[in-house]
Participant: 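Have a look at this one before I ask anything.
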Amino acid sequence: MNFRGIKFLTSVIVVYTIVAVFNYDKFVFALEKSEKILIRIIPILLVVVLITAIINYFVSPKKLIKYFSNKKMGYFIALIAGVVSHGPMYGWYPLIENLIKKGLNYGYIATFFYARAIKVPLLPVMLNYFGWKFTFFISLYTLIAALMEGLIIDKIFKN
């Protein structure tokens, strides 16, 4: 059983308790701020949970591993997935950890991480500021570097 979430929650409670003992006004202020933030992000969290549930229903780690069995196709999928993935990186860690347990190659993970440097929603902004030529070549070189990094990591970690 994994207790990471419980350890984190316990540490937050301990910190809040210490703050409450030494500076009650700051404690109340922090609680009020936390409440405001929580109220603002609840709708977002609900959408994320819904999307995650849908993805988990249709795309199981076993299916993903099957797609990654072809090495060339695996790197292509890692590149595309890295480019189209959004949100904070730590949100992807649990899924990737699960895929590693099922046998996912570290090279694919490195490729995915590096390819995340390309942000599809920001491409129009980049085009506006730097033009199509720069945007095209920086994106192309980022994809090439992502692939090279993945291949190097694959050689180093051979799992």
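Position 1 is the first residue of the sequence, and the numbers go up from there.
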Participant: In terms of relative ring orientation, are F157 and Y106 parallel, tilted or perpendicular, with 30° and 60° separating the classes?
Facilitator: tilted

Participant: Do you know which two heavy atoms are closest between I153 and G107, and how far apart they sit?
Facilitator: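 It is CG2-N, 4.1 Å.
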
Participant: Hey, what do you get for CG (N105) to OG1 (T111), rounding to the nearest 0.5 Å?
Facilitator: 8.0 Å

Participant: What's the shortest heavy-atom distance between A115 and A78, and which atoms?
Facilitator: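 Looks like CB-O, 4.5 Å.
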
Participant: Starting from V21 and following side-chain heavy-atom contacts under 4.5 Å between hydrophobic residues (I, L, V, M, F, W, Y), which residues can be reached?
Facilitator: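 ILVMFWY cluster around V21 also holds V14, I18, F22.
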
Participant: Just checking F76: does its CZ atom have more than 12 heavy atoms from other residues, nucleotides or ligands closer to it than 6.0 angstrom?
Facilitator: no

Participant: Determine, step by step, whether I39 and E35 satisfy the side-chain contact (heavy atoms from CB on, under 4.5 Å) criterion, reporting the C-alpha distance in whole Å, the side-chain angles of both residues, the deciding distance to 0.1 Å, and the verdict.
Facilitator: CA-CA 6 Å; I39 289 170; E35 177 187 28; 3.9 Å; yes

Participant: Quick one: pull up NZ in K26 and CG in L31 and give me the separation to the nearest 0.5 Å.
Facilitator: 14.0 Å

Participant: Among all residues two or more places apart in sequence or in another chain, which pass the ring pair (Phe, Tyr, Trp, His ring centres under 6.0 Å) test with Y114?
Facilitator: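 Applying ring pair (Phe, Tyr, Trp, His ring centres under 6.0 Å) to Y114 gives none.
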
Participant: Calculate, to the nearest 0.5 Å, the distance between atoms CD1 and CG belonging to I13 and L9 respectively.
Facilitator: 4.0 Å

Participant: Hey, are the side chains of K119 and V83 touching, using non-hydrogen atoms and a 4.5 Å cut-off?
Facilitator: no

Participant: Please name the pair of heavy atoms, one in L79 and one in A146, separated by the smallest distance, quoted to 0.1 Å.
Facilitator: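 Taking every non-hydrogen atom into account, CD2-CB, 3.7 Å.
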
Participant: Once side-chain contact (heavy atoms from CB on, under 4.5 Å) is applied, do any residues pair with S139, and if so which ones, sequence neighbours excluded?
Facilitator: I118, L123, T135

Participant: side-chain contact (heavy atoms from CB on, under 4.5 Å) between Y141 and I144: does it pass, once the steps are laid out?
Facilitator: CA-CA 5 Å; Y141 292 149; I144 292 169; 4.2 Å; yes

Participant: Hey, could you give me the CD1/CG distance between I156 and L151, rounded to the nearest 0.5 Å?
Facilitator: 11.0 Å

Participant: Tell me if the aromatic rings of W92 and F112 count as close, with their centers under 6.0 Å from one another.
Facilitator: yes

Participant: Do Y75 and I80 come close enough that some side-chain heavy atom pair is under 4.5 Å?
Facilitator: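 Not touching, per the 4.5 Å side-chain cut-off.
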
Participant: Would you say the side chain of F29 lies within less than 4.5 Å of the side chain of D25, judging by non-hydrogen atoms?
Facilitator: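 When only atoms from C-beta onward are counted, F29 and D25 do not touch, as no gap falls below 4.5 Å.
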
Participant: Please test I96 against F113 for side-chain contact (heavy atoms from CB on, under 4.5 Å), starting from the C-alpha separation and ending with a verdict.
Facilitator: CA-CA 11 Å; I96 292 170; F113 284 169; 3.5 Å; yes

